[in-house]
Protein chains: 2
Amino acid sequence: MAPPKSKQRQILVRAAAKLFRRQGYSGTGLRDILAASGAARGSLYHHFPGGKEEIGAAAVTAAGGLVTETFAELSRQAHDPADFLRRYTRLLVQWLEASKFRDGCPITTTLLETTPGSPAITAAGQAVFADWHAVMEAMLARHGWPPERAAPTATAIIAGLEGALMLARVRGSAQPIHDTTDALCALLEAGLPTAG
Amino acid sequence: MAPPKSKQRQILVRAAAKLFRRQGYSGTGLRDILAASGAARGSLYHHFPGGKEEIGAAAVTAAGGLVTETFAELSRQAHDPADFLRRYTRLLVQWLEASKFRDGCPITTTLLETTPGSPAITAAGQAVFADWHAVMEAMLARHGWPPERAAPTATAIIAGLEGALMLARVRGSAQPIHDTTDALCALLEAGLPTAG
DNA sequence: TGTTATATGTAGACCAGTCGTCATAGTATC
DNA sequence: GATACTATGACGACTGGTCTACATATAACA
């Protein structure tokens, strides 16, 4: 990753990630990815000798990385954990509504389909979740949470967000996200170890 | 559903549900379902004239119904909401470990792949989630939660469970479930409106 | 029992689509 | 001009879901 990688490669990964998020991994054919990216079949196999599985892992890594960056940015802006969560879910709801609830989590669907069948994709997903968790944990620590409580709380936040996103997509409504965010914020505010 | 439906039909639905849960909807071919159930090709189209989509919806309904029954049973046994949650996640972890983290939520994967592309499957999923929510909400109400707080809390519980289940599967560990359960229990115990 | 009528199970044809491979052609960079 | 890197799209072996035609099982009734 030292060199900025081929432009064509980036186009392919982005197209793949977009499609995987909407239709899932198995539901998306190489044909779709090729059509969406304007690339040729052999070109894909040049950049991804491992075929579909390799581009799947790359898509998970890339899409997950964007979310990691968003988390990091918001974690810098937020005044406290609950504020962080509210800022993020505000964005989330915007994205969801803009796509009419078609774009869900960019990695969950793919991971549920391919874990543990594809070790490469599973590993990519584990790495992404670890990154997310690290950002959250660091944010909680920065706001005074003791380490032994920051780690499990970070996991619970990610779980709640993922579950809420899924429910929102199926229900076609942002309500599950609001409800879950409220609950998580109550938890974060109640659990604030040192007030203010 | 007045008659107990054909036995073969039930075998088909069960096999389909099992496969969808592990490999997803698109990742499971009719071929797999037929092989797993021992049925013949045309037999499937006799019981499910709507083809794969119809058996997908039936699998979601059937698998979701089993979970609803489990929720209802546990909700009868539990002393309070936190106790309910702990009882359920104990079962959940047992199932997960027994399948070596291959069997996740029986409906989430299918729904993420097919929402909103398949209205029939989406509707089946919405109905299942509504059932789960109703059971949870009733349980909270029975333990003194006011209605306006029971509904969003029930949603947050389901979201947390679903997200934790997904993380557990990807990580190959029950830890996310324990962490999320602890957080949710803290919320339920803190939020208990009338103590005892 | 024999004869229907209906419900269910079986077998295979069908074609569009799947992923992966290959020999070839194009384009940088030195 | 030589050498790498990149792009191309046709090809093949196979699987996808769907449908039609036939065989069997079950039930009803004379």
Side-chain angles (χ1 to χ4, degrees), chain A residues 1-20 22-60 109-110 113-114 117-121 124, chain B residues 1-20 22-60 62 109-110 113-114 117-122 124:
Chain A
M1 274 194 217
K5 297 237 167 179
S6 152
K7 180 145 193 165
Q8 180 91 352
R9 191 194 140 100
Q10 202 175 34
I11 292 174
L12 277 166
V13 171
R14 284 190 187 156
K18 191 171 195 170
L19 289 164
F20 289 156
R22 293 207 178 192
Q23 332 171 345
Y25 177 77
S26 304
T28 301
L30 295 190
R31 174 180 224 150
D32 302 327
I33 300 174
L34 265 16
S37 64
R41 203 164 188 75
S43 182
L44 190 151
Y45 275 87
H46 171 72
H47 293 287
F48 305 94
K52 196 183 183 186
E53 190 176 359
E54 186 175 348
I55 201 176
V60 166
T109 312
T110 298
E113 288 179 82
T114 57
S118 159
I121 300 180
Chain B
M1 272 193 217
K5 298 239 165 177
S6 154
K7 180 143 194 165
Q8 180 89 353
R9 191 194 139 99
Q10 203 175 33
I11 292 174
L12 277 166
V13 171
R14 285 192 186 154
K18 190 172 196 168
L19 289 165
F20 289 157
R22 294 207 177 192
Q23 333 169 346
Y25 177 76
S26 304
T28 302
L30 295 190
R31 214 188 188 84
D32 303 327
I33 300 174
L34 264 16
S37 65
R41 214 161 180 73
S43 182
L44 193 151
Y45 275 86
H46 171 72
H47 292 287
F48 304 94
K52 195 184 185 186
E53 190 177 0
E54 186 175 348
I55 202 175
V60 166
T109 312
T110 298
E113 288 178 82
T114 57
S118 160
I121 299 180
T122 304

Expressed in angstrom and rounded to an integer, what is the separation of [X] atom [atom1] from [N] atom [atom2]?
X: L44(A); N: dG9(D); atom1: CG; atom2: P; result: 14 Å
X: F48(B); N: dT18(D); atom1: CZ; atom2: P; result: 13 Å
X: L12(B); N: dT8(C); atom1: CG; atom2: P; result: 13 Å
X: K7(A); N: dA7(D); atom1: NZ; atom2: C1'; result: 17 Å

**Below 4.0 Å: OP1/OP2 of dC5(D) and any side-chain N or O of H47(A)** = no
**N/O (side chain, H46(B)) to phosphate O (OP1/OP2, dG9(C)) under 4.0 Å** = no
**Message:** I want to check a possible cation-pi pair here: K52(A) against Y45(A), using under 6.0 Å from ring centre and within 45° of the ring axis as the test.
**Reply:** no
Flag the pair [X] / [Y] as yes when at least one side-chain heavy-atom distance between them is below 4.5 Å, and no otherwise.
X: T114(A); Y: V60(A); result: no
X: L12(A); Y: F48(A); result: yes
X: Q8(B); Y: H47(B); result: yes

**Asked** Could you run down nucleotides 19-29 of chain C 5' to 3' and tag each one B, S or - for protein heavy-atom contact under 4.0 Å?
**Response** BBBB-------
**Asked** How would you list, by chain and number, every residue that makes a side-chain contact (heavy atoms from CB on, under 4.5 Å) with A36(B), sequence neighbours excluded?
**Response** A15(B), L19(B)
**Prompt:** In a check of side-chain hydrogen bond (donor to acceptor under 3.5 Å, both in side chains) between S118(B) and each of E53(B), E54(B), E113(B), which one passes?
**Reply:** E53(B)
